[in-house]
Every structure is written in structure tokens, then in C-alpha cells.
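Following: one structure in C-alpha cells, then a few remarks.
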Number of protein chains: 2
Amino acid sequence: MNVSENLKLQIVGQSMTDRVYDAILAMILKLEIRPCEKLSEVQLSKKLGVSRTPVREAFLRLENLGLLDIVPQRGTIVAPMRAAEFRKSQFMREAFELALVRRAVELEDNTELCKALDRELRLQSVHSELKDENAFFESDEAFHAAIAVHCGLADIWPEVQRVKMHMDRFRYAIRSQRETPTILEQHRNIAEAICKRDEAAALSAMTLHLRRANHLIADAAKEHPEYFEL
Amino acid sequence: MNVSENLKLQIVGQSMTDRVYDAILAMILKLEIRPCEKLSEVQLSKKLGVSRTPVREAFLRLENLGLLDIVPQRGTIVAPMRAAEFRKSQFMREAFELALVRRAVELEDNTELCKALDRELRLQSVHSELKDENAFFESDEAFHAAIAVHCGLADIWPEVQRVKMHMDRFRYAIRSQRETPTILEQHRNIAEAICKRDEAAALSAMTLHLRRANHLIADAAKEHPEYFEL
DNA sequence: CAGTGTATATTAGTATGTCAATATCACTCG
DNA sequence: CGAGTGATATTGACATACTAATATACACTG
């Protein structure tokens, strides 16, 4: 096999397909390859120094997720962002996370959960002050994941990640809006309501938080109209 | 290519992969191939008269869904039924369908929805009397789908189908319990509450309905312990 | 006969070859 | 100059070939 200069993929213990998949997924989410941009199995396989098979299998996975559009005999493009996908993604995420909140407020022992939430809030406070958005969003994820984990539903979290991916695409597409203070405040409200077992407050706080992203559609469309379909 | 006697797959306008996928999926759900049973890419490709590639791609899709376990250099088996999968499946389905019910009761114009629900109730009544379980369950699906469709969320339904698949596996695994009258009654309660816009009643009726399946775990495990893991 | 090493078969992973459908573009003809 | 046309290149779908890892069977050793 042609090892070439692209040895980055030949290192660790996953299948080629996995590594190619991870690589492409990251490129799509970071917009290193842009919506509607054409992808070629042959080109990519050469660039990554692997054969067409793992590239193709990675393509198929990504098509499954709605991140690629494969058109037989025509080509493969990064799926444009679609408002319909966004709405679907948001509906599903909201359904999942509100269901998790309902579980969380009914937890007989919520000390661990509240400790975890508090931990992330402190981290977020620091990251927000230091303007470290990557770290902030990492803790943001951990905050939401903690709810699932401490409800004994850790295996639900990957599913939430799956359904919220299309929402995340929109967030990646716009310059981050320096809105970490707002998000932190919303997280505080959510955590407080959950720990007080105030279901109604927790649900409305979470709903507000999750729908905050609604403006993303318009913003992303304004900033990068070429990424959109229709 | 070896056309052979198995020309059933060569007919219509989907890709080979799609056809192979549909074929295997149906076999798994109908238990024509049983949990923990070994599947071979080579054997199946010969049996279906296609090459390994489409079979393999279908395998990968099914692994994604959690219906196959592919172990490198060892083999591929139909995933055993796992209680954890069932619970995950049920949690997600409930989250989705309760969210749909919340939308449904807030519909400004629900005449179309109520008409559709009533239609399915009538059908189910007949199918139940005639003991036609296949037709009954088809209408069962349509009943639930109608809620999504008439909320303007038709594209959510495939996602619901996706998440509820593991629940359905358990149902297929046990002799159907002649419970269609119970289900019909639950459907009536759901439809009535939705059309009256009684959110609390609709939610509790739907919850009751969706959790009815809880006994399936125990029943299926009793009836076919060899299908289970652990 | 028990235990171990080894040949062989089978597996999924990967690479490559082939093909039909489609797009592209230069070219011809009106 | 524009519309149609045909050669050519590119694409994804599918077939096949090869590899490395693992399981299995069996012969050999003690």
C-alpha cells in the first residue's frame, strides 16, 4: 500500500473505515469541506492513502446521517444545510432532553447529578471569562450528557448526539456569537430547577435553552447562503 | 454475473444493496434467521446471486441499527435481543410519541387528524373481529403515524420507526397474545383525548399504551431464552 | 490418552478491476 | 452565432482478488 506522506491515518487501532469516517466527519463539521462541495471517492482515497473501499463505506455511513448526498453516476456532495433537517433535529433533541429532565426531577437521589451539574457550571463560568469557546462548548456537552448519565440512561446520550448533529452544523456555520454568558445563565436555571425538583421550571428552562438556537437558521442562512438549499 | 435461479433480487429499481438490505431486515424481523445465528457474507451473496459488496454494505447498515454484530475476522451474527436495547428503544419512542401528542392537542385545526384516527379505529375494529393480526398491526402503525403526519411532522415518523425497531423485535419474537381488543381500546382512549384536546389524558393514555409492551421482555425471554444475551 | 503445535479453512477488511450511466465540452451544421 | 451531437472523462455500483487474523481439525508428542 502507498504509505506516502499521509500517514496520519495509519496509526491506531481502528479500521480504516472508522478513521476515514472520523476524518471526513470532522472536516464536514468544521466546514473544512463546505456544504454542496463535491467529494470524490477516488480523490479522497488518494489523498488519505487508502483504497476506495473504506472511503466508500465511510461515505455510506455519512449519507445515513444525512451529511452526504450520494447521487449514483453523478457524484457525492456534502449535504447542504436544510431548514427541514434543522427542525427535525431540534424536535428530536427537545423530545429526548425534556424526557430526560422529567426523569431527572424524579430521581430519588439527585446529589450526584447536582454535583456534576455544578461542576460543569463552574467550569463554564471560567471558560466564559477566559473566552475559551472550545472548552466552554465541551463543558456544555458534558452538562447535558450528565443529565442522561445520572438518570441511568447513559446509553441514550449517543442517540441525543446523533439527532442533534444537524443542529450543531448550523452552530458551526456561524461565527460564535459571544453568547456564552447567556448560555451559562440558562444552564444555571436548568440546574437549579432540576435540583429543586421543580419540574415545570426545569422543563421551561430547558425548552427555552434548546430553542435559543432557532435564530441560528436565519443567521447561518444570512452568513452563508451558498450552504443552503432552496 | 451469475443470474441463477435467485432472480427475485434482480427486478426493480433500487440498488442491489437496498434489496439485499430489505431482504435481510425482513428475515431478521420475521425470525427467519434467528438471534445469534451466524451469517456469512459469502454464503448470503451466493444464495442471493450477488457479489459480496452489496451484502457487505447491507451488513454494515444493519450493524448500525444494532441488528447485526460484526466481529472482525470471526464472523457476523444476528444480534441477540438485549434488555438494554429494549429499554433504550422504549425510552426514545416514548419521548418522540409523547412530544407528538403534545403537538397534536395544540393543533389549531385537528379535524383531519381526528378523521384519520377514526378511520384507523374503524379498520382496527374490523381487523380485530376478523382476527387478522397482520392487517391490524398495519393499521396500528398507520394510527401512530397519522399523529405525526397531521402535526406537520411527517418526516419524524421514519425516525420513530427507527427507534422503535428494537421494541418490535420483541413483539415479533412472541406468539401474538390475542391482545388486539386491549390495544384497540387504548387507541380509542388516545384518539378521544387528543380530539378533545385533553393533554393530560392523551399523554397518560399514550404512556399506558406504549408501556404495555413492558411484559414483552419477560415473555420473549421465557419463550425463547436462546435469543437473549446474558 | 492428554496436551500441544501446526496445517487448513473461514472470516472480515482492504484493494483493485469492470461497467453503465451521466456530465462535459469540443465540434458540426443550420 | 446558436443548437444539437458525439467523443471522452468521471462517477458510483458492483464484482473480484488478496490479506491478515482467527477458528478448527488433526496429527504428533509426551
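Model, not experiment: these values are computed from the prediction. Each chain gets a letter, A, B and so on, in the order its sequence line appears, and its residues count up from 1.
- For the pair E41(A) CD and dA13(D) P, the interatomic distance rounds to 7 Å; values are reported in whole Å.
- As a whole-Å value, the separation of D18(B) CG from dG12(D) P is 16 Å.
- Of the candidates dG12(D), dT11(C), dT14(C), the closest approach to any side-chain atom of S15(A) belongs to dT14(C).
- Side chain of K38(B), nearest nucleotide from dT18(C), dT16(D), dT11(C): dT11(C).
- Distance, M16(B) CE to dC19(C) P: 16 Å, rounded to whole Å.
- Backbone-only engagement by S40(B) is indicated by non-hydrogen atom pairs under 4.0 Å involving sugar-phosphate atoms exclusively.
- In this structure, R103(B) fails the cation-pi test against F91(A), since its NZ or CZ atom is not both closer than 6.0 Å to the six-membered ring centre and inside 45 degrees of the ring normal.
- Judged by a 6.0 Å distance limit and a 45° cone about the ring axis, R171(A) is positioned over the six-membered ring of F137(A).
- Note: NZ (K46(B)) to P (dT11(C)) measures 9 Å, nearest angstrom.
- Between F96(B) and F96(A), the gap from one ring centroid to the other is short of 6.0 Å.
- Distance L44(A) CG to dG12(D) P: 10 Å, rounded to the nearest Å.
- Listed by residue number, Q73(B), R74(B) are the residues of residues 56-77 of chain B with a heavy-atom contact under 4.0 Å to DNA chain D.
- Neither side chain, E120(B) nor H187(B), offers a donor N or O lying under 3.5 Å from an acceptor on the other.
- Around atom CZ of R34(A), no more than 12 heavy atoms belonging to other residues, nucleotides or ligands sit under 6.0 Å away.
- Distance from the side chain of S51(B) is smallest to dC14(D) among dT11(D), dC14(D), dT16(C).
- Within the 4.0 Å cut-off from OP1 or OP2 of dT16(C), not a single side-chain nitrogen or oxygen of T53(A) is found.
- In the displayed structure, E138(A) atom CD is contacted under 6.0 Å by at most 12 heavy atoms of other residues, nucleotides or ligands.
- The side-chain heavy atoms of D22(A) and R19(A), taken from C-beta on, include no pair separated by under 4.5 Å.
- Remark: C1' of dT11(C) and CZ of R52(B) are 8 Å apart, rounded to the nearest angstrom.
- Atom-to-atom, CG of L39(B) to C1' of dA12(C) comes out at 13 Å; the value is rounded to the nearest Å.
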